Amino acid sequence: QVQLVESGGGLVQAGDSLRLSCAASGLTFKSYSMGWFRQAPGKEREFVAVINWSGASLYYTDSVKGRFTISRDNAKNTVYLQMNGLKPEDTAVYYCAAKVPRLVGDSVYDVRQYPYWGQGTQVTVSS
């Protein structure tokens, strides 16, 4: 049984930092790309960042480039999202997700291509 468990969310002020963690179990972690998504109230879930199995390939949504950093520790089966310079518009529930890249038609941005999801952790940034 695959489990993804996020932690590290909280209430912070604008400009502060948080580090989210996602611990994975029940899968061969190093075979999976790991993504972070977020969902604000009344909005669709959106892509934030993704890291491939080795950590050599990283992608970010434009709004977090230069502020957020995704990383992974395959020995600990854990993926991280370091969030610096937080803004009120970053307020959302943050989810980690796992996928095996497709050979054809792969998209790191498509939520439908991620079969495994965590329960989410709330990040609230006050102004």
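Please read these numbers as outputs of a predicted model, since none were measured by experiment.
- Side-chain contact between Arg67 and Asp90 is present, with heavy atoms from C-beta onward closer than 4.5 Å.
- When the options Val79, Thr121, Leu20 are evaluated for a side chain to side chain contact (heavy atoms under 4.5 Å, CB included) with Glu6, the one that passes is Thr121.
- Annotation: ring-ring contact (aromatic ring centres under 6.0 Å, His included) contacts involving residues 48-77, sequence neighbours excluded, are absent.
- Two residues are said to be in side-chain contact when any heavy atoms from C-beta on lie closer than 4.5 Å; Arg38 and Glu46 meet this criterion.
- Leu11 and Val125 fall into different hydrophobic clusters, where Ile, Leu, Val, Met, Phe, Trp and Tyr residues are linked whenever their side-chain heavy atoms come under 4.5 Å apart, directly or through other members.
- Note that CG of Asn84 and CG of Leu18 are 9.5 Å apart. Values are rounded to the nearest 0.5 Å.
- Legend: residues meeting salt bridge (charged side-chain N to carboxylate O under 4.0 Å, His left out) with Arg112, ordered by chain and number and at least two apart, are Asp110.
- Between Asp62 and Lys65, at least one side-chain N (NZ, or NE/NH1/NH2) sits under 4.0 Å from a carboxylate O, which counts as a salt bridge.
- Here the side chains of Tyr95 and Gln39 are in contact, with some heavy-atom distance below 4.5 Å.
- Smallest separation of non-hydrogen atoms from Leu81 and Ala49: CD1-CB, 4.3 Å.
- Applying the ring-ring contact (aromatic ring centres under 6.0 Å, His included) test to every pair with at least one member in residues 4-37, sequence neighbours left out, gives these pairs: Phe37-Phe47, Phe37-Tyr114, Phe37-Trp117.
- Residue pairs meeting the salt bridge (Lys or Arg N to Asp or Glu O under 4.0 Å) criterion with at least one member in residues 9-37, sequence neighbours excluded, do not occur.
- With sequence neighbours left out, the side-chain contact (heavy atoms from CB on, under 4.5 Å) criterion links Pro115 to Lys99.
- Side-chain contact check for Thr78 versus Arg72: every heavy-atom pair is 4.5 Å or farther apart.
- Closest approach of Ala97 to Leu4, counting heavy atoms only: CA-CD1, 3.9 Å.
- Listed here is the closest heavy atom pair of Pro88 and Ala14: CD-CB, 4.2 Å.
- Within the 4.5 Å cutoff, no side-chain heavy atoms of Val50 are placed close to those of Leu58.
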### Message
Show, in sequence, the C-alpha distance, side-chain angles and deciding distance for Tyr94 and Gln122, and conclude whether the side chain to side chain contact (heavy atoms under 4.5 Å, CB included) test is met.
### Response
CA-CA 6 Å; Tyr94 282 71; Gln122 177 70 48; over 6 Å; no

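- Here the OG atom belonging to Ser107 is positioned 9.0 Å from the CZ atom belonging to Arg102, to the nearest 0.5 angstrom.
- Side-chain atoms of Val123 and Thr91, non-hydrogen and from C-beta on, never get closer than 4.5 Å to each other.
- Val100 and Val108 fall into different hydrophobic clusters, where Ile, Leu, Val, Met, Phe, Trp and Tyr side chains are chained together by heavy-atom contacts under 4.5 Å.
- With no hydrogens or angles considered, no side-chain donor-acceptor pair links Ser33 and Asn52 at under 3.5 Å.
- Residues satisfying the salt bridge (charged side-chain N to carboxylate O under 4.0 Å, His left out) criterion with Glu89, sequence neighbours excluded, are absent altogether.
- Grouping the Ile, Leu, Val, Met, Phe, Trp and Tyr side chains by contacts below 4.5 angstrom, directly or via other members, places Met83 with Val12.
- Heavy atoms only, all atoms of each residue included: Asp106 and Gln113 are closest at OD1-OE1, 3.5 Å.
- In this structure the side chain of Gln82 reaches within 4.5 angstrom of the side chain of Ser17, judged on heavy atoms.
- The side-chain heavy atoms of Tyr80 and Ile70, taken from C-beta on, include no pair separated by under 4.5 Å.
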